[in-house]
Amino acid sequence: MEDKYSIESAEALANEAQRLPITEAVPKYEQLLAIFPTAAKYWKQYVEAHMAVNNDEATKQIFSRCLLNCLQIPLWRCYINFIRKANEKKGLEGQEETKKAFEFMLSYVGSDIGSGPVWTDYINFLKSLPAQNPQEESQRMIALRKVYQKAIVTPTHHIEQHWRDYENFENSVSRALAKGLVSEYQPKYNSARAVYRERKKYFDEIDWNMLAVPPSGSVKEELQWTAWKRFLAFEKENPQRIDTVSANKRISFTYEQCLMYLYHYPDIWFDYATWHAKCGSIDSAIKVYQRSLKALPDCALLRYAYAELEESRGAIQAAKKVYESLLGDGANATALSHIQFIRFLRRTEGVEAAKKYFLDARKSPNCTYHVYVAYATMAFCMDKDAKIAHNVFEVGLKRFMHEPGYILEYADFLSRLNDDRNIRALFERALSSLPPEESVEVWKRFSQFEQTYGDLASMLKVEQRRKEALARTNEEGASALENSLQDVVSRYSFMDLWPCSTNELEHLSRQDWLSSNMKKKVEKSTLANEADKTSGQLLNSNISSKLVYPDTSRMVVYDPRQKPGLTTPGLPSSASPLPSSSAPSVLTTSGVPTVPNAIPKALPPALAAFIASLPPADGPLPDVDYVLSICLQSTLPVAEPGKLATQAHVGPASSDASGSSKSHLYKPRDRRGKKRDADRQDDDDTSTVQSQPLPKDAFKIRQLRKARVAAASVQSGAASYGSVQTGSASYGSGFSGEQSGSYG
């Protein structure tokens, strides 16, 4: 199979195996179950194929492999049917074996929400047992009562049926005794039924046909993970308030069912083992970790967690074996596994054992500078031996001089020793060998060191050297050598204390960014400013040779009156191409348009001028459809339609700059009336067209239509307002909708 965990391929393989004879189907089933070891439906199909040919030995072997890892009712019912069939002719001995098989099955899957039929089968089996004497009959009744009383307190789909059967059973035995027993178990049954209703909500969210595949981040997988987490949290709350042993057994069963589907999720294994450890069952936690390592052999996280558990309980040798399994043969061991094993040996066996392994780990081809740093830090912090730590750093420097991270760690170590002379020597040695593009962080740390240990002259000297070294790595050139306020901020800040306000800091950051992008801005603004703002003519700027030119012969003029597949009378059937003399649209090498190089001639002059005056955008292009959808959903304030229409018929005499002059068409009112009118005016100004009721008389409807026409003309900018000859109102702001005309 190309995809090892392909669901479609797995189903195809299962269907193919089902059609083959059992001898030919066995390799297919083994291949399938090696990939999906917790797929109960494939195990059931496999075992039924053996049962069909009465291969009892193979059937028993398959059940022993899958039952305890696949706690699913259909598979377990298949198992009990096999046991009953195998023991039906063995008499009393066979009946006893079947009874033990039922009890074994109920101890594992009896708490499943779908285990109702299993309880019913067991009850019917007990009823079918013959009683040779009154003593055996009494024992049979006692056994039935116990099973009934367990069934009626187990939240399953058949809990109500079990309660009715129990009532009938007790009444058939003794009505006098039934009354007391029924009243005793009534509250327990009610509690179990209430828990069943809650449990069913979580049960319905889970896909019980899902196969266990590694997490891929799909939405379905995340939903299933969330559903299982919620189900586990519900069970951990012990909603039925049963005893601790029974509650833990139910939680463990839920975890086992969860692992059937989230088999490749390390967090589920870790949670399961941690829960066992918190409950005091360390042995169970260890078994869970051992199973998890078989399920996820490449998961280092689970191995570290397992080793930690063994070490915490004092099993040093067991923990050491886990660490050695991480190291493997040593050739493929990671640097982290070396470091963690060195720390483990230092904790458990002492300094010499850690030192001995470090000397061996140095020879590993996968040994990085991190191993040297970790061992030197351990020697300095835990062994209090600065000399050994210094020697380790010096030995590592010969091998990792080209690693900026190692230089910085070595510098930190020397800073703890307050050895400023060696720190300066280290920086000088490192910067002389590191290429400029990799020395940025080293120069930064060198500057910080001089700010702490040096005087003003040395501080300024290092900063100047830093600028000269890094100027060769960027496009700023000589401008990078100039001093700026950012340098002062860097020198005179300490931790989270700054020598300037937040606004000043943001301003400096913005200016620094603008300076670094000044050349790009100038080039782009030059292209944008060459547009003719009055006539909307095409741009005639000099295009950089790096830009990609489109094929103008294939361009057509867009006409909104045309629709695909239709032609408008008076228009040609196909749009005419652009003239060859027109400049093409400016495209970058990535194919993203930057500055518009052509303004469509069909636009009104005012809109063409507005587009030409737009500054160049330096950033990602907006999603036009998304912006338009937001604009269409927004509610923009407009002027009152009635007043707008009235003002449209009256020529304005003058208009002040602020738009605050009032019309004298309204009669003067008293102060109280003015206040009420002002409040009403404020309410009207903030109201929108959508929120105003439609007028009922024809005159107001005509006025409203005229107002809408006038408002549309204002927003389009096609007309010029503020002139007496136009006979229209003058507006101070097209966005606020406030009137600024003064009527005489």
Residues which pass side chain to side chain donor-acceptor pair (under 3.5 Å) with E311, listed by chain and number, not counting sequence neighbours: R347
Got K467 and D487 here, is their nearest side-chain heavy-atom distance under 4.5 Å? yes
Is P404 close to R445 at the side-chain level, that is, under 4.5 Å between some pair of heavy atoms? no
For H402 and E438, which heavy atoms make the closest approach, and how far apart are they? O-OE1, 3.9 Å
Using 0.5 Å steps for rounding, measure from the CZ atom of R491 to the CD atom of Q451. 8.0 Å
Which atom of A353 lies closest to which atom of L345, heavy atoms considered: O-CD1, 3.8 Å
For the CH2 atom of W443 and the CG atom of L434, what is their distance to the nearest 0.5 Å? 10.5 Å
Name every donor-acceptor pair, under 3.5 Å, that has one atom in a side chain of residues 315-326 and the other anywhere in the protein, sequence neighbours excluded.
| unit_1 | atom_1 | unit_2 | atom_2 | d |
| --- | --- | --- | --- | --- |
| K320 | NZ | E349 | OE2 | 3.1 |
| S325 | OG | R303 | NH1 | 3.1 |
| S325 | OG | V322 | O | 2.4 |

The test is side chain to side chain contact (heavy atoms under 4.5 Å, CB included); show your working for L426 and L414 and say whether it passes. CA-CA 9 Å; L426 172 65; L414 294 175; 4.1 Å; yes
Test of ring centre spacing under 6.0 Å for Y406 and H370: no
So, does S490 use its side chain to make a donor-acceptor pair with the main chain of Q486 at under 3.5 Å? no
Measure from the side-chain N and O atoms of S501 to the backbone N and O of E504, and report whether any donor-acceptor pair falls under 3.5 Å. yes
Just by modelled atom types, is the S216 backbone N or O under 3.5 Å from a matching donor or acceptor in the E221 side chain? yes
F270 vs V288, test: side chain to side chain contact (heavy atoms under 4.5 Å, CB included). Steps then yes/no. CA-CA 8 Å; F270 176 75; V288 171; over 6 Å; no
Return each pair, listed once, that meets side chain to side chain donor-acceptor pair (under 3.5 Å) where at least one residue sits in residues 373-385; pairs must be two or more places apart or across chains. R346-D383
Hey, does the side chain of S364 reach the backbone of D360 with a donor-acceptor pair shorter than 3.5 angstrom? no
Side chain of S312, backbone of L309: donor and acceptor closer than 3.5 Å? yes
Does this structure show an ion pair linking R416 with D412, if we count only N-O contacts that are shorter than 4.0 Å? no
Exercise: identify the closest heavy-atom pair between F358 and V392: CZ-CG1, 4.1 Å
Please check: side-chain N/O of Q340 versus main-chain N/O of L336, any donor-acceptor pairing under 3.5 Å? no
For a quick check under 3.5 Å, do Y357 and H338 share a side-chain donor-acceptor pair by atom type? yes
Check whether any side-chain heavy atom of V488 lies under 4.5 Å from a side-chain heavy atom of P499, and answer yes or no. no
Are a donor atom and an acceptor atom from the side chains of E310 and Y306 found within less than 3.5 Å of each other? yes
Indicate whether the side chain of S458 and that of E450 have a donor and an acceptor atom separated by less than 3.5 Å. yes
Hey, could you give me the OG/CZ distance between S447 and R466, rounded to the nearest 0.5 Å? 5.0 Å
Return yes if some donor-acceptor pair links the side-chain N/O of S493 with the main-chain N/O of V489 below 3.5 Å, else return no. yes
Trace of the side chain to side chain contact (heavy atoms under 4.5 Å, CB included) decision for C367 with R399: CA-CA 11 Å; C367 179; R399 183 175 176 182; 4.3 Å; yes
Heavy atoms of L470 and P436 approach each other most closely as CD2-O, 3.8 Å
Sub-4.5 Å side-chain heavy-atom contact between W269 and Y263: yes
Non-hydrogen atoms of P266 and C299 that approach each other most closely: CB-SG, 3.8 Å
Considering residues, nucleotides and ligands other than H507, do more than 12 of their heavy atoms fall under 6.0 Å from its NE2? no
If you compare all heavy atoms of H264 against all heavy atoms of L296, which two are closest, and at what distance to 0.1 Å? CA-CD2, 3.7 Å
Has the side chain of T226 got a donor or acceptor atom that lies under 3.5 Å from a matching backbone atom of E222? yes
Taking atom NZ as the centre, does K229 end up with more than 12 heavy-atom neighbours from other residues, nucleotides or ligands that are less than 6.0 angstrom away? yes
Just checking, is any N or O donor in the side chain of Y410 or E394 under 3.5 Å from an acceptor N or O on the other one? yes
Answer yes if the ring centres of F393 and Y372 are under 6.0 angstrom apart, and no otherwise. no
Fit a plane to each ring of F413 and F380, take the angle between them on a 0 to 90° scale, and name the class: parallel (under 30°), tilted (30 to 60°) or perpendicular (over 60°). perpendicular
Is it the case that over 12 heavy atoms from other parts of the model lie below 6.0 angstrom from the OH atom of Y304? yes
Rounded to the nearest 0.5 Å, what's the gap from CD on E441 to CD on Q448? Could you check? 8.5 Å
Just wondering, do L397 and I407 contact through their side chains at under 4.5 Å, heavy atoms? yes
Distance check, rounded to the nearest 0.5 Å: S337 atom OG versus I342 atom CD1? 9.5 Å
Is D419 close to R421 at the side-chain level, that is, under 4.5 Å between some pair of heavy atoms? yes
Side-chain donor/acceptor of S433 to backbone N/O of A430, under 3.5 Å: yes
Quick one: do F449 and V462 satisfy side chain to side chain contact (heavy atoms under 4.5 Å, CB included)? Show the steps, please. CA-CA 10 Å; F449 164 77; V462 169; over 6 Å; no
Value rounded to 0.5 Å, distance of CD1 in I423 from CG in L417: 8.0 Å
Within the side chain of W228, is there an N or O that forms a donor-acceptor pair under 3.5 Å with the backbone of I268? no
